[in-house]
Amino acid sequence: QGKLWVPHYGGGAVVRYNPSDGKCLKIVRIPSILCSSVAFGGENLSELYVVTSSETVAMEREYYAGSLFVIEDVGARGIPVKTVRSPRSH
C-alpha cells in the first residue's frame, strides 16, 4: 500500500505514515514503551508483529519488555519479500 510503519522507541506505539507527505495515518498503542521493530506476517501478511526491547530497562518497571506482540486487523497488509540469490565468490 506504499505506507511506512515505524516503531517509536520510548513512545509505546507503532505509527503508520504516508511517506509522500509525512502525515500520520494511524497510531497503534503497545503496552511497552520500548517498541524496537515491526514486520508483517501471518498467512495473508495481515498481522503486524511488534518486538519490544529489554536491553536498557529494569524488568520490574517495564513488564512487557522483550516481548513479541501480534496485532490483527490494522487495516493494511505487508508485501511478500523477494528472494535474491547472491552469486558465489570463487
Side-chain angles (χ1 to χ4, degrees):
Q1 294 172 331
K3 305 304 182 247
L4 184 63
W5 290 83
V6 179
H8 283 259
Y9 192 85
V14 175
V15 181
R16 182 183 186 199
Y17 291 100
N18 184 342
S20 64
D21 61 12
K23 288 186 180 178
C24 172
L25 302 173
K26 184 172 194 150
I27 299 172
V28 178
R29 297 283 175 204
I30 306 297
S32 170
I33 63 168
L34 304 175
C35 300
S36 58
S37 183
V38 296
F40 280 95
E43 188 174 327
N44 297 316
L45 296 176
S46 60
E47 298 173 337
L48 182 65
Y49 296 173
V50 181
V51 177
T52 61
S53 174
S54 63
E55 194 170 311
T56 61
V57 97
M59 294 303 280
E60 63 273 3
R61 261 189 32 233
E62 184 67 32
Y63 182 77
Y64 291 109
S67 296
L68 169 66
F69 295 91
V70 179
I71 301 152
E72 299 174 347
D73 300 323
V74 293
R77 287 186 177 182
I79 56 173
V81 175
K82 293 182 181 178
T83 304
V84 178
R85 286 193 165 185
S86 175
R88 287 187 168 167
S89 299
H90 294 285

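Numbers here simply count residues along the sequence, with the first being 1. All values reported here derive from a predicted model rather than from experimental measurement.
The hydrophobic cluster containing Val74 also contains Val14, counting ILVMFWY residues as joined when their side-chain heavy atoms lie under 4.5 angstrom apart, directly or transitively. Hydrophobic clustering of Ile, Leu, Val, Met, Phe, Trp and Tyr side chains at less than 4.5 Å, counting indirect connections, unites Tyr17 with Ile27. Linking ILVMFWY residues whenever their side-chain heavy atoms come closer than 4.5 Å, directly or via other members, places Val38 and Ile71 in the same cluster.
Closest non-hydrogen pair, Pro31 versus Phe69, comes out as CG-CE2, 3.5 Å. Closest approach of Arg29 and Ala13 over heavy atoms only: NH1-CB, 3.7 Å. Shown here for Ser36 and Ser53, the closest heavy-atom pair between the two residues is OG-N, 3.7 Å. Pairing each heavy atom of Gly75 with each of Arg16, the nearest pair is O-NH1, 4.1 Å.
Residues Tyr9 and Leu34 form a side-chain contact, since some pair of their non-hydrogen atoms from C-beta on lies under 4.5 Å apart. Between Val50 and Leu68 there is no side-chain heavy-atom pair separated by less than 4.5 Å.
Within a 6.0 Å radius of CD1 in Ile79, other residues, nucleotides and ligands contribute 12 heavy atoms or fewer. No more than 12 heavy atoms of other residues, nucleotides or ligands sit less than 6.0 Å from atom CG of Asp73.
Side-chain N or O atoms of Thr52 include one that pairs as donor or acceptor with a backbone N or O of Gly66 at under 3.5 Å. Using modelled atom types, no side-chain atom of Asn44 and backbone atom of Ser46 make a donor-acceptor pair closer than 3.5 Å. Of the possible donor and acceptor atoms, none in the side chain of Tyr63 sits under 3.5 Å from a partner among the backbone N and O of Ser32.
The aromatic rings of Phe40 and Trp5 sit perpendicular to each other, their planes meeting at more than 60°, with 30° as the lower class boundary.
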Q: Test side chain to side chain contact (heavy atoms under 4.5 Å, CB included) on Lys26 and Val15 and set out the steps.
A: CA-CA 6 Å; Lys26 184 172 194 150; Val15 181; over 6 Å; no

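Atoms CZ and CD, from Arg77 and Glu47 in turn, are 11.0 Å apart once rounded to the nearest 0.5 Å.
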